[in-house]
Protein chains: 2
Amino acid sequence: MARSATTLDAFAAIAEPRRREILGALAHGGGEQDVTWLVEELGWPQPQVSKHLGVLREVGLVSVVRKGRRRMYSVNGEELKPVYEWAKEFERFWENQLRRIKERAEGRGK
Amino acid sequence: MARSATTLDAFAAIAEPRRREILGALAHGGGEQDVTWLVEELGWPQPQVSKHLGVLREVGLVSVVRKGRRRMYSVNGEELKPVYEWAKEFERFWENQLRRIKERAEGRGK
DNA sequence: TTGACATATGCCCATATCGGAATATATTAA
DNA sequence: TTAATATATTCCGATATGGGCATATGTCAA
């Protein structure tokens with residue numbers, strides 16, 4: 001047994017830059033977009049787009065609706081909330097950092 | 001060429017659950033903690049802890065300070081900000097979802 | 001039906017990665 | 001110097017993963 005059992009969650013899914021690009025494209029593309037639109041928008045080979053969409057689908061980061069012979073994808077942001085919340089827990093760290101820098105710049109920090 | 005050139009960034013680093021655990025432990029453990037503390041806190045073999053720390057270090061998610069024969073690690077939250085910001089861009093998605101649910105519950109949504 | 005279009009899958013290869021165990025390296029104490 | 005402590009590194013095996021390409025599947029149009 002190597003590798004922690006393929007934990008396929010949102011964190012793992014968005015680790016891949018391409019997958020983040022897809023989500024970004026969908027988010028900016030308005031409501032729903034089909035695969036062909038994504039392929040043109042991103043300029044990658046279609047199978048690749050479909051595969052990454054597959055991962056995003058498994059994790060629930062995108063939703064699909066069949067529309068005739070095409071499939072309309074849309075972002076399912078709900079699944080991104082855990083990531084947001086988790087990172088937010090560390091907010092105080094970068095805030096502290098900023099405060100410290102600011103204080104130093106103002107000449108009152110140590 | 002397979003696999004997108006080992007993009008070693010914060011996103012990739014936190015994809016690993018163990019690494020998130022380490023960050024969490026460090027965050028709750030107060031300022032700095034040494035490796036031994038982490039090993040006891042997490043209950044994992046020491047090499048494993050060191051290896052994951054190595055990745056976090058490379059990405060800049062933790063800082064190290066040598067203190068005698070031990071190394072004090074601390075969270076460098078700054079590096080987590082991009083993740084937070086990125087996820088935040090999708091905030092409207094889960095907010096919409098919540099609003100929709102809420103509206104439905106209140107009997108005024110469609 | 002048949003053919004064109006849209007999308008998903010399967011297969012293969014190269015490589016990254018995790019866990020485990022042993023060991024190297026550094027530093028303090030005796 | 002030598003032993004002990006603290007931590008990092010290396011080697012290994014198993015496995016997951018991404019890209020490329022070919023192809024299967026599904027759906028509409030003629």
Side-chain angles (χ1 to χ4, degrees), chain A residues 1-23 25-26 29 32-75, chain B residues 1-23 25-26 29 32-75:
Chain A
M1 311 135 232
R3 201 164 244 212
S4 50
T6 311
T7 311
L8 205 44
D9 58 2
F11 286 93
I14 65 169
E16 176 65 31
R18 309 238 171 190
R19 241 120 55 188
R20 292 202 297 279
E21 279 193 69
I22 290 184
L23 291 175
L26 283 177
E32 308 179 318
Q33 298 292 348
D34 64 12
V35 179
T36 300
W37 181 86
L38 279 170
V39 167
E40 286 172 4
E41 183 79 5
L42 301 167
W44 311 336
Q46 173 268 316
Q48 207 143 352
V49 174
S50 280
K51 277 188 221 172
H52 283 303
L53 281 173
V55 175
L56 293 172
R57 223 186 309 128
E58 276 187 77
V59 179
L61 273 167
V62 295
S63 309
V64 210
V65 172
R66 306 175 83 119
K67 210 103 180 183
R69 55 183 146 182
R70 61 182 98 170
R71 318 220 174 166
M72 309 307 292
Y73 279 89
S74 54
V75 179
Chain B
M1 316 136 226
R3 199 165 243 209
S4 50
T6 310
T7 311
L8 205 44
D9 59 0
F11 285 94
I14 65 168
E16 175 66 31
R18 308 240 172 190
R19 241 118 57 189
R20 292 201 299 277
E21 278 193 69
I22 289 185
L23 291 175
L26 283 176
E32 308 179 317
Q33 298 291 347
D34 65 10
V35 180
T36 301
W37 181 86
L38 279 170
V39 168
E40 286 173 3
E41 183 79 4
L42 301 167
W44 311 337
Q46 174 269 316
Q48 205 142 342
V49 174
S50 280
K51 276 189 230 170
H52 283 303
L53 281 173
V55 175
L56 293 171
R57 223 187 309 131
E58 276 186 80
V59 179
L61 273 168
V62 294
S63 309
V64 210
V65 173
R66 305 175 84 119
K67 209 105 183 183
R69 57 183 144 181
R70 60 181 102 165
R71 319 221 174 165
M72 309 306 293
Y73 279 88
S74 53
V75 179

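We name chains A, B, ... by the order of the sequence lines, and we start the count at 1 in each one.
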Item checked: Nearest listed nucleotide, side chain of B:Arg70, among D:dA8, D:dT7, C:dT9 -> D:dT7
Next item on the list: Could you tell me the separation between the CD atom of B:Glu21 and the C1' atom of C:dG19, rounded to a whole number of Å?
Entry: 15 Å
Note to self: It should be established whether A:Arg69 places a side-chain nitrogen or oxygen under 4.0 Å from OP1 or OP2 of nucleotide C:dA4.
What the structure shows: no
Checklist line | Closest to the A:Gln46 side chain, choosing from C:dC11, D:dG26, C:dA8 | finding: C:dA8
Check: Where is the tightest heavy-atom contact between B:Val49 and B:Trp44, given as atom of each residue plus distance?
Finding: CG2-CE3, 3.9 Å
Check: Is it true that a side-chain atom of A:Arg19 and a backbone atom of A:Ala13 form a donor plus acceptor pair closer than 3.5 Å?
Finding: yes
Next item on the list: Could you work out which one of C:dT7, D:dG19, D:dT27 sits closest to the side chain of A:Arg66?
Entry: D:dT27
Notebook entry, point to check: CD of B:Glu58 versus P of C:dT17: gap in Å, rounded?
Noted result: 9 Å
Note to self: Whole angstroms only, please: what is the CG-P distance between B:Leu8 and C:dA16?
What the structure shows: 11 Å
Notebook entry, point to check: Can you tell which of D:dA6, C:dT7, D:dG20 lies closest to the side chain of A:Val35?
Noted result: C:dT7
Notebook entry, point to check: Which whole-number value in Å describes the distance from B:Gln48 CD to C:dA22 C1'?
Noted result: 15 Å
Notebook entry, point to check: Is there a side-chain contact between B:Leu53 and B:Val64 (heavy atoms, below 4.5 Å)?
Noted result: no
Note to self: I want to check one thing: is the phosphate of C:dT17, taken as OP1 and OP2, less than 4.0 Å away from some side-chain N or O of B:His52?
What the structure shows: no
Notebook entry, point to check: Looking only at heavy atoms, which two atoms of B:Tyr73 and B:Arg57 are closest? And how far apart?
Noted result: OH-NE, 3.2 Å
Notebook entry, point to check: Taking atom C1' of C:dA26 as reference, at what distance in whole Å does atom CE of B:Met72 sit?
Noted result: 17 Å
Item checked: Heavy-atom closest pair, residues A:Leu8 and A:Ala12 -> CD1-CB, 4.4 Å
Check: Within this structure, what is the CD1-to-C1' distance between A:Ile22 and D:dG19, rounded to whole angstrom?
Finding: 14 Å
Next item on the list: Nearest whole angstrom, please: distance from the C1' of C:dT7 to the CZ of A:Arg57.
Entry: 9 Å
Check: Which nucleotide in the set D:dG19, D:dT7, D:dG20 lies at the smallest distance from any side-chain heavy atom of B:Asp34?
Finding: D:dT7
Notebook entry, point to check: Reckon A:Arg71 has a side-chain N or O less than 4.0 Å from the OP1 or OP2 of D:dG26?
Noted result: no
Check: With respect to the side chain of A:Lys51, which nucleotide from C:dA8, D:dC21, C:dC18 is positioned closest?
Finding: D:dC21
Checklist line | Phosphate OP1/OP2 of C:dA8 contacted by A:Tyr73 side-chain N/O (<4.0 Å) | finding: yes
Next item on the list: Round to the nearest Å and state the distance from A:Arg20 atom CZ to D:dG18 atom P.
Entry: 12 Å
Notebook entry, point to check: If you check the A:Pro47 side chain, which of D:dT9, D:dT7, D:dA22 turns out closest?
Noted result: D:dA22
